[in-house]
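The chains referred to below are lettered A, B, ... by the order of the sequence lines, with proteins before strands, and numbering in each begins at 1. Computed from heavy atoms alone, side chains included, the values below leave out hydrogens, waters and symmetry copies.
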Protein chains: 4
Amino acid sequence: MEKNKPKYNQIIEAAVEVIAENGFNASQVAKIANKAGVADGTIYLYFKNKEDILISVFKEKMGEFIKEIASSIQYEDNAEAKLYTLISMHFHQLAEDHHLAVVTQLELRQSNIKLRQEINQILKPYLTVIDDIIKEGIEENIFRDNLNIPLVRQMIFGTLDEIVTNWVMQDQRYELISQSSDVHAFITSGLSVNH
Amino acid sequence: MEKNKPKYNQIIEAAVEVIAENGFNASQVAKIANKAGVADGTIYLYFKNKEDILISVFKEKMGEFIKEIASSIQYEDNAEAKLYTLISMHFHQLAEDHHLAVVTQLELRQSNIKLRQEINQILKPYLTVIDDIIKEGIEENIFRDNLNIPLVRQMIFGTLDEIVTNWVMQDQRYELISQSSDVHAFITSGLSVNH
Amino acid sequence: MEKNKPKYNQIIEAAVEVIAENGFNASQVAKIANKAGVADGTIYLYFKNKEDILISVFKEKMGEFIKEIASSIQYEDNAEAKLYTLISMHFHQLAEDHHLAVVTQLELRQSNIKLRQEINQILKPYLTVIDDIIKEGIEENIFRDNLNIPLVRQMIFGTLDEIVTNWVMQDQRYELISQSSDVHAFITSGLSVNH
Amino acid sequence: MEKNKPKYNQIIEAAVEVIAENGFNASQVAKIANKAGVADGTIYLYFKNKEDILISVFKEKMGEFIKEIASSIQYEDNAEAKLYTLISMHFHQLAEDHHLAVVTQLELRQSNIKLRQEINQILKPYLTVIDDIIKEGIEENIFRDNLNIPLVRQMIFGTLDEIVTNWVMQDQRYELISQSSDVHAFITSGLSVNH
DNA sequence: AATGAATGAGCTTTCATTCAT
DNA sequence: GATGAATGAAAGCTCATTCAT
């Protein structure tokens with residue numbers, strides 16, 4: 001897969017749009033090809049099959065998503081600040097890109113188990129970022145040192161994910177980003193050492 | 001929909017098994033009919049279409065799920081105890097029913113948006129139960145009084161849901177129920193007044 | 001495969017016609033279904049897949065072909081007479097059924113190796129009939145007793161098959177059946193004890 | 001068709017190998033180009049289309065095949081000896097070249113009628129060689145003078161062809177060349193005057 | 001002459017749903 | 001009410017061929 005070829009990116013972008021507009025099951029390869037301005041067969045020069053398009057969409061988009069967050073938090077100097085940045089950037093990036101939000105929160109969940117496991121692999125670096133913040137908080141003596149890290153990570157990710165999914169399912173009728181503070185307060189309360 | 005007819009329940013039970021065993025996409029109406037011991041056409045005497053089977057499955061199973069929890073928490077006498085019971089029963093019921101856990105956490109998510117919105121409607125009573133616990137906690141002066149209730153509810157539900165989904169996707173290789181205390185501690189720390 | 005259902009036979013007959021008219025490669029399932037007067041999907045109630053149609057066509061037709069020959073030769077009372085009947089009936093049956101001749105001599109040869117091996121299995125009973133005639137001729141002291149039976153059988157079958165194929169490929173412009181005597185003379189000369 | 005260019009022959013040789021290894025239907029132009037070490041498009045500088053490659057393969061290979069036989073028999077001084085040489089060389093050449101045997105006996109038969117008619121044209125010189133032997137045998141008073149020459153030629157060619165095809169389809173598990181004597185004996189008995 | 005990226009027509013098979021019995 | 005044979009629309013993928021470079 002030659003990712004620097006322009007057609008590769010055309011197809012990825014077209015796929016995001018088509019999936020967001022038509023839903024996962026109604027996203028025929030022909031529709032994606034048409035929106036990308038290439039022939040059906042061209043898709044198969046860049047992707048192994050339809051599933052490969054979907055995985056690649058998620059990989060590319062999630063890669064950018066994580067990179068943005070990772071590069072933003074590196075300048076924050078404690079775990080609480082990093083967590084706040086992670087939460088607000090998580091909300092921010094999805095609030096900014098309507099298609100992406102629909103695709104990640106709703107459409108990609110409709111894939112089969114095998115595909116979801118691949119998606120989980122792609123998510124791992126993000127989960128590692130969360131883990132690292134928790135560990136740093138423990139070292140900084142901000143968070144309790146008896147935390148079950150995988151469990152805490154699931155709680156954090158589950159919270160963020162559910163909030164975004166709800167927001168998307170309610171047609172994004174309310175302000176997502178402004179909830180960052182409340183969410184951050186909730187999570188840090190749950191993790192903090194009792195002073 | 002004549003729900004007291006025995007065939008209705010046969011079909012519902014068959015559907016849960018077939019979906020759990022074959023996955024959402026490979027759950028043909030013919031397979032469900034076969035497992036239920038009825039003819040394909042008979043399905044359509046009890047359900048409008050395939051989607052209606054799935055919604056009904058979720059409605060029936062979720063109804064029982066919520067009823068169990070609601071009846072258990074009514075005897076607890078404060079919000080923290082109720083929350084603990086809700087968490088442990090949530091985990092308990094899904095840990096006990098392997099098929100149900102797979103169907104609710106993985107398979108039903110593969111449905112389209114329209115179906116998922118119907119599922120969300122069915123979930124509402126459960127979310128109301130959570131809301132009521134939060135409100136009670138505020139009244140009892142156990143939880144802070146400035147909580148954004150819908151947001152808190154999303155965080156609680158998101159946390160529980162993500163933890164169960166993770167557990168199912170890892171083939172239920174670890175003990176789910178024993179995590180109740182940690183999860184309860186995390187959530188109540190996030191909500192409590194005194195820290 | 002329920003062979004007494006009328007649709008099964010409709011499809012077999014339609015398949016022979018469609019293959020004879022359009023050739024093997026241009027014989028779409030849709031064309032066969034159309035000619036048989038059934039829906040495309042109905043084909044798959046009676047046949048596993050397209051290849052199964054072709055094998056079944058050959059099996060059914062070859063079954064009749066062999067049965068006719070076998071029942072005709074049983075009343076002949078020596079190997080030479082039996083061989084003559086076999087030759088003339090072989091020619092006769094294919095000369096009578098234009099579609100069948102095209103399908104067996106030309107179209108079915110275009111199948112892949114796997115299919116051809118299945119076809120060879122179906123042919124076996126016919127080859128056994130030939131073998132039995134040779135053996136009988138040896139016992140009757142009409143044919144030489146040092147014959148390599150598999151080789152002789154291949155020579156007989158190869159001769160008949162090539163003659164029919166030539167006749168079909170030349171658009172059946174000459175009389176096939178009338179060649180029976182010459183062919184019979186050639187073969188028996190090759191097999192006879194030298195008197 | 002510039003047949004003396006090296007790429008022409010590279011493509012022909014590659015085609016024989018690819019067809020023998022993959023079967024007729026799985027022999028994509030791209031595979032042949034790849035094995036020949038040329039670009040897909042280059043194929044079309046030397047051949048009109050895919051069918052033209054196949055016809056050319058047969059033409060080239062059959063040309064050599066016939067030339068070998070024709071030059072060998074010219075030194076034999078009677079029809080019986082010539083026939084023996086023809087039979088043994090027919091077997092010998094195919095037994096020596098595994099790929100060629102598979103391609104001529106199995107794979108090229110899977111082509112459509114039009115292609116097979118072209119192949120038949122290419123075979124004509126070989127059939128003429130057989131005809132000439134028969135005529136010579138009649139003149140030499142070795143063979144009967146009332147022979148139907150085209151029919152006899154079909155019987156001879158059909159016999160040889162069927163024997164080779166059988167041998168190829170049985171994975172060449174037995175010795176082909178050693179059958180020459182039996183086959184020769186069978187055929188000459190069928191043709192000879194004196195019995 | 002040579003390349004190889006791009007094209008797009010073409011076809012088997014599945015399965016939710018119907019309806020005559 | 002119950003059946004299950006029949007329906008037919010729908011879509012992913014392949015591959016021979018082209019043509020701009």
| query | So which one's nearest nucleotide on DNA chain F is more toward 5', C/Thr42 or B/Gly37? | reply | B/Gly37
| field | Rounded interatomic separation in angstrom, taking CD1 from A/Ile43 and P from F/dA11 | value | 15 Å
| said: I need the CZ-C1' distance between A/Phe47 and E/dA6, as an integer number of Å. | reply: 15 Å
Pairs under 3.5 Å (N/O, protein and nucleotides 10-13 of chain E):
| residue | atom | partner | partner atom | Å |
| --- | --- | --- | --- | --- |
| E/dC11 | OP1 | C/Gln28 | NE2 | 3.1 |
| E/dC11 | OP2 | C/Gln28 | NE2 | 3.3 |
| E/dT12 | OP1 | C/Lys50 | NZ | 2.8 |
| E/dT12 | OP2 | C/Val29 | N | 3.1 |
| E/dT13 | OP2 | C/Tyr44 | OH | 2.8 |
| E/dT13 | OP2 | C/Lys50 | N | 3.0 |

| remark: d(A/Gln10 CD, A/Ile32 CD1) to nearest 0.5 Å is 13.5 Å
| Range-with-range stems of DNA chain E (Watson-Crick or G-U pairs under 3.5 Å, three or more in a row) | E:2-21 with F:2-21
| note | Contacts of D/Val168 meeting side-chain contact (heavy atoms from CB on, under 4.5 Å) (sequence neighbours excluded), chain-then-number -> D/Ala101, D/Val102, D/Gln105, D/Leu106, D/Val164, D/Gln172
| With sequence neighbours excluded, what pairs up with D/Glu118 under the salt bridge (charged side-chain N to carboxylate O under 4.0 Å, His left out) test? | none
| Spacing between A/Asn22 atom CG and F/dA10 atom P, to the nearest angstrom | 15 Å
| query | Looking at residues at least two apart in the chain, or sitting in another chain, which of them share a salt bridge (charged side-chain N to carboxylate O under 4.0 Å, His left out) with B/Asp40? | reply | none
| field | Side-chain N or O of C/Lys7 closer than 4.0 Å to phosphate OP1/OP2 of F/dA5 | value | no
| message | What is the separation between atom OH on B/Tyr8 and atom P on F/dA2, rounded to the nearest whole Å? | response | 15 Å
| task | May I have the distance from B/Asn34 (atom CG) to E/dC15 (atom P), rounded to whole angstrom? | result | 14 Å
| Using 30° and 60° as the class limits, which term best fits the ring planes of D/Tyr126 and D/Phe65: parallel, tilted or perpendicular? | perpendicular
| query | By side-chain contact (heavy atoms from CB on, under 4.5 Å), which residues pair with B/Thr42, not counting sequence neighbours? | reply | B/Lys7, B/Val38, B/Ala39, B/Leu45, B/Tyr46
| Who pairs with A/Tyr44 by ring pair (Phe, Tyr, Trp, His ring centres under 6.0 Å), at least two apart in sequence or on another chain? | none
| said: Can you measure A/Ile53 atom CD1 to F/dC13 atom C1' for me and round it to whole angstrom units? | reply: 11 Å
| Whole Å only: how far is the OH atom of B/Tyr46 from the P atom of E/dA16? | 20 Å
| note | In whole angstroms, the gap separating P of F/dG4 from CD1 of B/Ile32 amounts to 17 Å
| field | Qualifying residues under salt bridge (charged side-chain N to carboxylate O under 4.0 Å, His left out), relative to B/Glu64, sequence neighbours excluded | value | none
| All pairs passing salt bridge (charged side-chain N to carboxylate O under 4.0 Å, His left out) where residues 21-30 of chain B contributes a residue, at least two apart | B/Glu21-B/Lys35
| request: Would you mind telling me which of F/dG8, F/dT3, E/dA2 lies closest to the side-chain atoms of D/Leu45? | output: E/dA2
